[in-house]
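Naming convention: chains lettered A, B, ... in sequence-line order (proteins, then strands); numbering from 1 in each chain.
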Number of protein chains: 2
Amino acid sequence: MVGHGKRVKKQGGTINEVAREAGVSISTVSRIINGTAFVAEDKRRAVEAAMHRLDFQPNYLARTLITGRSMTVGVIAEDIVSPFYADVIRGVEHALLDTPYQPVLNSGHWSTRHETRAIDTLIYRKVDALLLLGSTLTDDTLRGVAGRVPLILFGRRVPGLESHCLTLDQRGAALNATRHLIELGHRRIVHLHGPPGQQDAQERREGYRDALTGSGLPLHPELELQGDFLEQSAAQALTHLLDARVPFTAVFAGNDQMAAGARLALYRRGLRVPDDVSLIGFDDLPASAFTIPPLTTVRQPTYQIGQALARHALNVLAGQPSTLPDFDLPLIMRESTRPLR
Amino acid sequence: MVGHGKRVKKQGGTINEVAREAGVSISTVSRIINGTAFVAEDKRRAVEAAMHRLDFQPNYLARTLITGRSMTVGVIAEDIVSPFYADVIRGVEHALLDTPYQPVLNSGHWSTRHETRAIDTLIYRKVDALLLLGSTLTDDTLRGVAGRVPLILFGRRVPGLESHCLTLDQRGAALNATRHLIELGHRRIVHLHGPPGQQDAQERREGYRDALTGSGLPLHPELELQGDFLEQSAAQALTHLLDARVPFTAVFAGNDQMAAGARLALYRRGLRVPDDVSLIGFDDLPASAFTIPPLTTVRQPTYQIGQALARHALNVLAGQPSTLPDFDLPLIMRESTRPLR
DNA sequence: CTGTTAGCGCATTCAC
DNA sequence: GTGAATGCGCTAACAG
């Protein structure tokens with residue numbers, strides 16, 4: 001087999017070699033690299049030539065060891081696989097693209113243990129700031145982390161860290177979505193919600209209830225079904241409901257993936273969407289515009305959120321005042337809902 | 001606003017302070033940390049107590065500066081947003097979980113410029129090995145990179161780096177899929193392929209043609225439609241075909257996302273799947289089991305691939321011989337295909 | 001078994 | 001403007 005050799009090849013000389021090659025001191029070279037001070041034109045030329053000849057690249061580690069700044073921002077997402085977080089990450093990456101900062105990604109996997117490990121790793125790696133896209137940690141723990149590194153949170157509102165928390169009005173959006181169903185004439189509306197421990201899941205559920213009670217409609221506990229934000233759980237839960245012959249005419253799913261699961265359960269029983277049952281999701285994943293039928297859902301502007309998060313991090317790192325913007329969660333009307341009857 | 005302070009807080013003392021606190025030399029502390037040599041029980045106790053008291057954590061940068069090994073493996077995916085690569089990444093993360101190595105992710109965004117930048121950044125950050133999940137770079141460039149850092153490639157077969165390349169038989173799998181359609185009696189089969197510059201896209205297209213010619217069927221250039229692996233492109237291309245009233249009875253999409261786009265185009269025209277048109281995808285994304293109808297598709301064992309890639313990297317880093325395994329691409333039969341007539 | 005010494009590669013005071 | 005010296009925090013010889 002073609003071996004790589006166990007050691008990385010020496011990377012084009014050190015600042016010392018450049019200095020010798022150019023006949024100047026290393027401080028002069030350093031000044032040229034960092035633009036710290038003016039340097040005579042001829043020396044600058046000589047140094048630049050030497051750097052080029054030796055294919056010189058400053059050593060990141062040595063440099064960071066001194067300055068204390070690694071020029072990286074750590075990003076931990078609950079799950080990189082999730083299309084939702086992936087798009088936020090895309091926004092972060094994009095916003096950082098033409099800055100000296102680099103994102104470093106890691107996953108929390110919805111697990112306290114993994115998330116803790118990821119955080120420790122990134123702090124150990126000396127990231128200059130940390131972005132948490134969702135978190136399973138307690139407020140206290142989070143405040144502790146914020147004491148070790150500038151911390152910016154998405155999807156959590158932690159007392160004491162408010163100005164670095166970006167949350168969306170999940171409850172209001174869920175209320176909107178449910179109300180839309182009510183306005184279409186639906187009365188028995190199923191809600192597929194995520195894990196009770198999950199803040200977003202909880203808020204959406206409350207929004208659903210708000211809409212019902214706000215319209216003077218009764219709450220039907222048997223219509224609130226728990227899932228885990230994945231397709232399968234929703235399909236199962238709804239299938240059980242169908243088997244129990246509990247009547248309903250609409251479904252508000254806690255996210256688009258659960259909407260897809262619900263959709264399949266309906267399809268299996270020969271129920272049409274939206275003719276027999278109306279369906280609304282939450283997230284507006286890219287794929288949801290292409291489901292059959294295209295899904296009516298709540299849009300979370302994930303990409304823009306990622307950008308906002310990154311820009312805020314940049315500001316914080318620059319020591320500038322910065323406020324996280326607010327985002328609306330519009331209901332995107334497509335074809336999975338229609339008036340009852 | 002709640003400020004973070006511009007500087008990260010001092011992280012629980014240095015090895016020097018620990019040594020002083022414990023009344024030993026720093027080398028003794030270093031030995032205990034790294035298990036480099038045996039240390040008397042009482043000193044070990046004292047040092048561990050001191051480390052705990054000072055909340056000591058060795059400085060990653062200083063350590064790496066000396067050892068030359070950062071204990072990280074860089075991972076560059078064309079696109080983290082893509083569900084396909086995301087699952088490979090999940091496999092990589094998982095395989096690295098209980099090792100001293102940490103993955104560091106970055107995106108190439110299907111762009112030579114971005115990919116080059118990502119590679120430079122990661123090498124600059126001194127990753128010990130680099131995993132490329134897809135690449136837009138030339139063979140020569142890739143060989144150049146391999147000279148700077150141990151390189152492992154997925155989805156590319158580069159002469160000279162064969163033993164570190166993991167590729168799948170896209171062509172054979174595409175042939176299988178198409179042949180399945182042929183065996184069901186289909187003769188006019190549309191193929192939605194990805195960008196011509198993309199190796200996978202090219203190979204799948206060839207597999208499609210192989211199947212046709214292998215069965216003695218004619219190639220119909222008007223049935224080969226180009227897309228970009230996203231839903232929208234497929235929907236458009238197929239809509240055009242439908243408008244032009246070109247007859248066909250089946251569609252083999254270059255990936256599941258394009259299959260979804262095609263599905264919607266058919267739906268818009270009132271064509272049923274599989275009753276009027278059979279549809280096959282490629283990738284077997286998690287969502288594809290929940291489309292309407294569930295999609296027949298070629299499964300790429302992405303998670304296992306990620307694991308294999310990471311394990312190979314580990315072996316290479318350990319200086320052990322290692323061979324990348326082969327993976328089958330089975331056709332997953334679901335409900336989007338059926339015999340003609 | 002343990003302490004002393006010398007750097008890793010670079011930014012950063014200081015003098016000149 | 002520029003060079004010499006100092007040290008970031010740690011590991012790796014080197015002596016004892």
Side-chain angles (χ1 to χ4, degrees), chain A residues 6-48 50-51 54-72 100 123-126 128 148, chain B residues 7-48 50-51 54-72 100 123-126 128:
Chain A
K6 294 194 193 160
R7 234 152 238 299
V8 175
K9 270 198 195 139
K10 210 159 165 289
Q11 32 249 322
T14 73
I15 196 175
N16 258 295
E17 304 178 44
V18 174
R20 182 151 23 87
E21 179 95 0
V24 299
S25 77
I26 66 166
S27 358
T28 300
V29 178
S30 175
R31 282 177 191 116
I32 291 177
I33 297 171
N34 302 299
T36 318
F38 279 111
V39 171
E41 193 51 35
D42 55 332
K43 304 210 175 192
R44 142 165 275 119
R45 284 260 174 66
V47 169
E48 276 166 357
M51 293 204 309
L54 274 64
D55 187 29
F56 171 76
Q57 195 187 21
N59 184 312
Y60 162 76
L61 298 162
R63 169 181 278 187
T64 303
L65 182 57
I66 298 177
T67 62
R69 298 179 309 119
S70 64
M71 306 313 281
T72 56
I123 290 182
Y124 175 55
R125 295 289 203 276
K126 304 282 187 243
D128 295 326
R148 300 207 288 158
Chain B
R7 231 153 240 300
V8 175
K9 272 200 193 134
K10 208 158 165 285
Q11 30 252 324
T14 73
I15 195 174
N16 258 295
E17 304 177 44
V18 174
R20 184 151 22 88
E21 178 94 3
V24 300
S25 77
I26 63 167
S27 4
T28 301
V29 178
S30 175
R31 281 175 192 119
I32 292 177
I33 298 171
N34 302 297
T36 318
F38 279 110
V39 172
E41 195 49 34
D42 55 333
K43 305 211 174 194
R44 140 165 278 121
R45 284 259 174 66
V47 168
E48 277 167 356
M51 295 204 308
L54 275 63
D55 188 28
F56 171 76
Q57 196 187 22
N59 185 311
Y60 162 76
L61 298 162
R63 170 181 276 185
T64 303
L65 182 57
I66 299 176
T67 61
R69 297 178 311 120
S70 64
M71 306 312 281
T72 57
I123 290 182
Y124 176 56
R125 295 287 201 275
K126 305 281 189 243
D128 295 327

May I have the distance from [X] (atom [atom1]) to [N] (atom [atom2]), rounded to whole angstrom?
X       : N      : atom1 : atom2 : result
B/Arg31 : D/dC10 : CZ    : C1'   : 13 Å
B/Ile66 : C/dC10 : CD1   : P     : 15 Å
B/Ile15 : C/dT4  : CD1   : P     : 14 Å
B/Asn59 : C/dC8  : CG    : P     : 18 Å
A/Tyr60 : D/dC8  : OH    : P     : 19 Å
A/Ile33 : C/dG9  : CD1   : C1'   : 10 Å
A/Ile32 : C/dC10 : CD1   : C1'   : 15 Å
B/Phe56 : D/dT11 : CZ    : P     : 7 Å

### Query
Which listed nucleotide (D/dG3, D/dC10, C/dG3) is nearest to the side chain of A/Val24?
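My answer, after comparing the listed nucleotides, is D/dG3.
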### Candidate nucleotides D/dG3, C/dT4, C/dC10, ranked by approach to the side chain of A/Ser27 - the nearest
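Nearest nucleotide to the side chain: D/dG3.
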Categorize [X] for me: base, sugar-phosphate, or nothing, with a 4.0 angstrom heavy-atom threshold over every strand shown.
X       : answer
A/Ile26 : base
A/Leu61 : nothing
B/Thr28 : sugar-phosphate

### Task
Taking the side chain as every heavy atom from C-beta outward, state whether A/Ile15 and A/Pro58 have any atom pair closer than 4.5 Å.
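Contact flag for A/Ile15/A/Pro58 side chains = no.
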### Query
Does any non-hydrogen side-chain atom of B/Leu65 lie less than 4.5 Å from one of A/Asn59?
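In contact.
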### Task
Determine, step by step, whether A/Ile33 and A/Met51 satisfy the side chain to side chain contact (heavy atoms under 4.5 Å, CB included) criterion, reporting the C-alpha distance in whole Å, the side-chain angles of both residues, the deciding distance to 0.1 Å, and the verdict.
CA-CA 10 Å; A/Ile33 297 171; A/Met51 293 204 309; 4.1 Å; yes
Does a side-chain N or O from [X] land closer than 4.0 Å to OP1 or OP2 of [N], or not?
X       : N      : result
B/Ser30 : D/dT11 : yes
A/Thr14 : C/dG9  : no
A/Lys43 : D/dG3  : yes
A/Asn34 : C/dA11 : yes
A/Arg63 : C/dA11 : yes

### Task
Select from B/Glu41 and A/Asn16 the residue whose nearest nucleotide in DNA chain C is closer to the 5' end of that strand.
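Going by which nucleotide is closer to the 5' end, it is B/Glu41.
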### Comparing B/Leu65 and A/Val39 on DNA chain D - which has the more 5′ nearest nucleotide
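Mapping each residue to its closest nucleotide by heavy atoms, the 5'-most match is A/Val39.
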### Query
Which heavy atom of B/Arg125 sits nearest a heavy atom of B/Tyr60, and at what distance?
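Answer, listing the atom of B/Arg125 first, then B/Tyr60: O-OH, 4.4 Å.
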#### Entry: Candidate list A/Leu54, A/Ile26, A/Val24, A/Ile32, test side chain to side chain contact (heavy atoms under 4.5 Å, CB included), partner A/Val18, passing option
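Per the side chain to side chain contact (heavy atoms under 4.5 Å, CB included) rule, the option paired with A/Val18 is A/Leu54, out of A/Leu54, A/Ile26, A/Val24, A/Ile32.
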